[in-house]
Amino acid sequence: MRLDNRLTDGPPMQPLACERCAARVLVRKSSWQQTSVQWDGRSMAVCAERDPAGGGFEGCRSLRDTIRESALRGTLAVVDGADGNPLPEALGTAPNRRPDLRT
């Protein structure tokens, strides 16, 4: 897998497996509104929503749900774009609130 060097300015991407098909990708949640996902050949091959014929692919709804739930549980850090530190919600130190999270 070739790492995406554009994201070296803060915390590294984290491995995450889709709860539906176990496709393993690298993820960085820079904010509640922005998510970076890096696929490799193996993860693309096992994704349950990806067209094996190589047609257009706009993303995986199941993986999107996995990322959202992982961020809400705090197992995937949500980085504050201003300073690169995880937001209190991601660390479990803020009041229990569920942001409007779109990945």
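- Every residue two or more places apart in sequence or in another chain was checked for a side chain to side chain contact (heavy atoms under 4.5 Å, CB included) with Ala22, and none qualifies.
- Pro15 and Arg24 make their closest contact through CB-NH2, 3.3 Å (heavy atoms, listed as atom of the first residue, atom of the second, distance).
- Val37 has its side chain within reach of Thr35: a pair of non-hydrogen atoms, C-beta onward, lies under 4.5 Å apart.
- Interatomic distance, Gln14 CD to Lys29 NZ, rounded to the nearest 0.5 Å: 12.0 Å.
- Contact between Cys47 and Cys60 at its shortest, heavy atoms only, is SG-SG, 3.8 Å.
- With contacts defined as side-chain heavy-atom distances shorter than 4.5 Å, the pair Ser70/Leu16 qualifies.
- Side-chain contact between Arg28 and Pro12: absent, with no pair of heavy atoms (C-beta onward) separated by less than 4.5 Å.
- Contact check for Leu26 versus Asp40: no side-chain heavy atoms found under the 4.5 Å cut-off.
- Relative to the six-membered ring of Trp39, Arg50 meets both conditions, a distance below 6.0 Å and an angle of at most 45° to the axis.
- Annotation: side-chain hydrogen bond (donor to acceptor under 3.5 Å, both in side chains) contacts of Glu19 (sequence neighbours excluded): Arg73.
- Here the straight-line distance linking atom CZ of Arg68 with atom CG of Leu76 works out to 12.5 Å at 0.5 Å rounding.
- The CG atom of Asp65 lies 8.5 Å from the SG atom of Cys18; values are rounded to the nearest 0.5 Å.
- To the nearest 0.5 Å, atom CD of residue Glu69 and atom OG1 of residue Thr75 are 9.5 Å apart.
- Using a 3.5 Å distance cut-off with no hydrogens or angles, the side chains of Gln34 and Ser36 do pair a donor with an acceptor.
- In terms of the salt bridge (charged side-chain N to carboxylate O under 4.0 Å, His left out) criterion, Arg61 has no residue partners (sequence neighbours excluded).
- Here Thr66 pairs with nothing under the side-chain hydrogen bond (donor to acceptor under 3.5 Å, both in side chains) rule; sequence neighbours left out.
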